[in-house]
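Source: prediction; values computed, not measured. Naming: A, B, ... by sequence-line order, numbering from 1 per chain.
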Amino acid sequence: MAMTRTERALFEIGGPKTRRRILIGTIISAVLLAVLLAWVIYRFYEKGQLDYRYWYFFAQSNVLAFLGAGLLGTMRAALGAGAIALVVGMFLMLCRTSSIKPLSWIATTLIEFLRGTPTLLFIYFLFLVPAQFGVHMSTYWMVVIPTSAYASAVLAEVYRAGVAAVPSGQKEAGISLGLSDSQNFRFIVMPQMLRIVTPTLVAQLVVVVKDTTFGYVVTYPELMVNAKVVIANFSSLVPVYLVVAIIYVLINYAISQCANWLSHRNSIDILV
Amino acid sequence: MGADLSHLLNAYGTQFLSSYWVSLRIALLAFAGGFLLGTLLTVARVSPIPPLRGAVNVYVETFRNAPVLCVLIFIVYALPDLGVVIDYEPSVIIALILVSSAFACDNLRTGINTIDAGQIEAARALGMGFGPIVSSIVLPQAFRSVIQPMVTLFISVVISSSAGSLVPLAHKELTGLVAEINNHEALGILTFLIASLLYVCTGLVIAFFGRKVERRLAIWR
């Protein structure tokens, strides 16, 4: 990662004494990190976790296809929830910033409520409560509705911050041209706001992907659930969970990097 | 609904309170641990020792991007196969510490970058070494400029403590308790509403005190 000016000042090259100390520190910490890594690998070896029988099935096409199907399930849920949140978040933001006070209050309460409630609690709710009333819901929606509800509330705030970040002169210029409020919003504010929030929207996809792992609770066939099935078939716990964790980290890392790239390219900060 | 509410409070009122306390306990310990570990990691991340910086970067990118559920499941179900057995509640706390420390470290990094490089150069000109510069110039200012993101992090740790419902805790936390009650009785909407309000209000209270702390301590640039 590129260093900032402050960080470069901290790393400034010292005199001969400091350089020697840094060299010694570098060697010691490199050795310690290597020892730590070796110890972890030895631990795996000692407990037989490196045995062939725990790893060979990763080369089998049906296992890979099954994990791939899980990954597809994760993406289906994440993209579904993301798409809903893009629209509902916009709607919530418009209500919150509306000049009709009661509407704005309701939207504000709803946003705080959705943002403050754990997604997992909402998933249990959809898992347990509709069934009590004889309503049956697919596991896909049990995951997607809570995930998108949380993301909608967050995106509403992101959009709001985006609107606030559009220079006020733009809106004033629109008014002086005789545009109505809605025209002003649609043609002047909205296009600029969308540009400002794009990197943040991409960054928020990471949260959505993470939330889809709660499909584990309702056994919606996503990556975690399919991993569990593979574990049951091959009784290989550590390798499968490790591989799955790495897959999640890589996907989310790629999404974060994409958001960072967008943010650098257009020199727009990622809003929190 | 009134009858349901009184039944609920009579039958489960104390359990609600104790479960709420378990959630808070998990969140407090996890945030405190995450904050401390995040600070240590930050010091390593700005140290002049390249392997440490590299290791911290890998750590932060890993735990910022790993789902809490994934980390927790690994600790609870996979680590015993490697000979590491941890009780359920500490497992939840450790999982949350790992994740929140990565975010805390990232917040502090942002905070450090708000400090003008000239301050560090001035300190160096006065003959201060890395340790004194970090402990008396960089960290105090970094802490004070990231109060708001840290408060947000604390609130998300409270919310994430609901991951405790995925493992059989000896004392159930709030989400786990609500799920359990609904396995026995059809009190659905009400129990969930109460639990949800507890989470939301906790978040609002934390945000309120966070703003107070920020007004007193924050550095406005």
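The contact between B:Leu204 and chain A is made entirely by side chain atoms (from C-beta outward), counting heavy-atom distances below 4.5 Å. A:Phe133 touches chain B through its side chain: at least one heavy atom from C-beta onward sits under 4.5 Å away, while N, CA, C and O do not. At a 4.5 Å heavy-atom cutoff, the contact between A:Arg115 and chain B is made by backbone atoms alone. Interface remark: A:Leu23 contributes no atoms to any contact with chain B (heavy atom separation under 4.5 Å). With a 4.5 angstrom heavy-atom cutoff, A:Val249 touches chain B via backbone and side-chain atoms both. In this structure, the portion of B:Ser47 lying under 4.5 Å from any heavy atom of chain A is its backbone and not its side chain. Only the side chain of B:Ile133 comes within less than 4.5 Å of a heavy atom of chain A; its backbone N, CA, C and O stay farther away. Contacts between B:Val158 and chain A at a heavy-atom distance below 4.5 Å are absent for every atom of the residue. Both the backbone and the side chain of A:Thr26 come within contact range of chain B, each with at least one heavy atom under 4.5 Å from a heavy atom of that chain.
Options A:Thr18, A:Val217, A:Leu242, A:Val206 differ in how many heavy-atom pairs under 4.5 Å they form with chain B, and the most are formed by A:Leu242. The greatest number of non-hydrogen atom pairs below 4.5 Å with chain B, out of A:Pro239, A:Ala131, A:Ala30, is found for A:Ala30. Most heavy-atom pairs under 4.5 Å with chain A, from the set B:Gly54, B:Ala195, B:Pro149, B:Ser165: that is B:Ser165. With chain A as partner, the option from B:Val138, B:Thr175, B:Val71, B:Asp81 having the largest number of non-hydrogen pairs under 4.5 angstrom is B:Asp81. Counting heavy-atom pairs under 4.5 Å between each of A:Val207, A:Ile251, A:Val129 and chain B puts A:Val129 at the top. In terms of heavy-atom pairs under 4.5 Å with chain B, the best-connected choice from A:Arg8, A:Gln132, A:Met224 is A:Gln132.
Two rings, from A:Phe125 and B:Phe192, have their centers less than 6.0 Å apart.
Between A:Lys210 and B:Ala66 the shortest heavy-atom distance is CE-O, 3.7 Å. Summarising the geometry of B:Leu52 relative to A:Ser29, their closest heavy-atom pair is CG-CB, 3.9 Å, with the distance given to 0.1 Å. Residue B:Gly83 comes nearest to A:Lys47 through the heavy atom pair CA-CE, 3.8 Å, listed as atom of the first residue, atom of the second, then distance. In terms of heavy atoms, B:Asn65 sits closest to A:Ser256 at OD1-OG, 3.2 Å. Of all heavy-atom pairs between A:Ile22 and B:Pro48, the closest is CG2-O, 3.4 Å.
Here the straight-line distance linking atom OH of A:Tyr241 with atom CG of B:Leu79 works out to 12.0 Å at 0.5 Å rounding. Here the straight-line distance linking atom CD1 of B:Ile159 with atom OG1 of A:Thr117 works out to 7.5 Å at 0.5 Å rounding. Taken to the nearest 0.5 Å, the CG atom of B:Leu69 stands 8.0 Å off from the CG atom of A:Leu120. Between the SG atom of B:Cys70 and the CG atom of A:Leu223 there is a distance of 7.5 Å, given to the nearest 0.5 Å. Here the CD1-CD1 distance, from A:Ile24 to B:Ile49, works out to 10.5 Å after rounding to the nearest 0.5 Å. Interatomic distance, CZ of A:Arg5 versus CG of B:Asn113, reported as 11.5 Å (0.5 Å rounding).
Residues B:Thr62 and A:Tyr253 have side chains not in contact (no heavy-atom distance under 4.5 Å, counting atoms from C-beta outward). Side-chain contact between A:Val244 and B:Phe74: absent, with no pair of heavy atoms (C-beta onward) separated by less than 4.5 Å. Taking the side chain as every heavy atom from C-beta outward, A:Val238 and B:Tyr77 never approach each other to under 4.5 Å. Residues A:Gln49 and B:Leu82 are in side-chain contact: their nearest non-hydrogen atoms beyond the backbone lie under 4.5 Å apart.
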> Are A:Phe113 and B:Leu197 close enough, and set up right, to give a side chain to side chain contact (heavy atoms under 4.5 Å, CB included), and what steps lead you there?
Replying inline: CA-CA 8 Å; A:Phe113 186 74; B:Leu197 285 177; 4.2 Å; yes

>> The test is side chain to side chain contact (heavy atoms under 4.5 Å, CB included); show your working for A:Tyr124 and B:Asn182 and say whether it passes.
In response: CA-CA 9 Å; A:Tyr124 278 116; B:Asn182 277 278; over 6 Å; no

>> Is there a side chain to side chain contact (heavy atoms under 4.5 Å, CB included) between B:Ser162 and A:Leu121? Walk through the geometry before answering.
In response: CA-CA 7 Å; B:Ser162 62; A:Leu121 185 72; 5.7 Å; no

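Here A:Glu7 pairs with B:Arg109 in a salt bridge; the nearest charged N to carboxylate O distance falls below 4.0 Å.
Counting non-hydrogen atoms of neighbouring residues, nucleotides and ligands closer than 6.0 angstrom, the CZ atom of A:Arg20 reaches no more than 12 such neighbours.
Side-chain N or O atoms of B:Arg124 include one that pairs as donor or acceptor with a backbone N or O of A:Leu10 at under 3.5 Å.
No hydrogens or angles considered: nothing links the side chains of A:Thr6 and B:Asp116 as a donor-acceptor pair under 3.5 Å.
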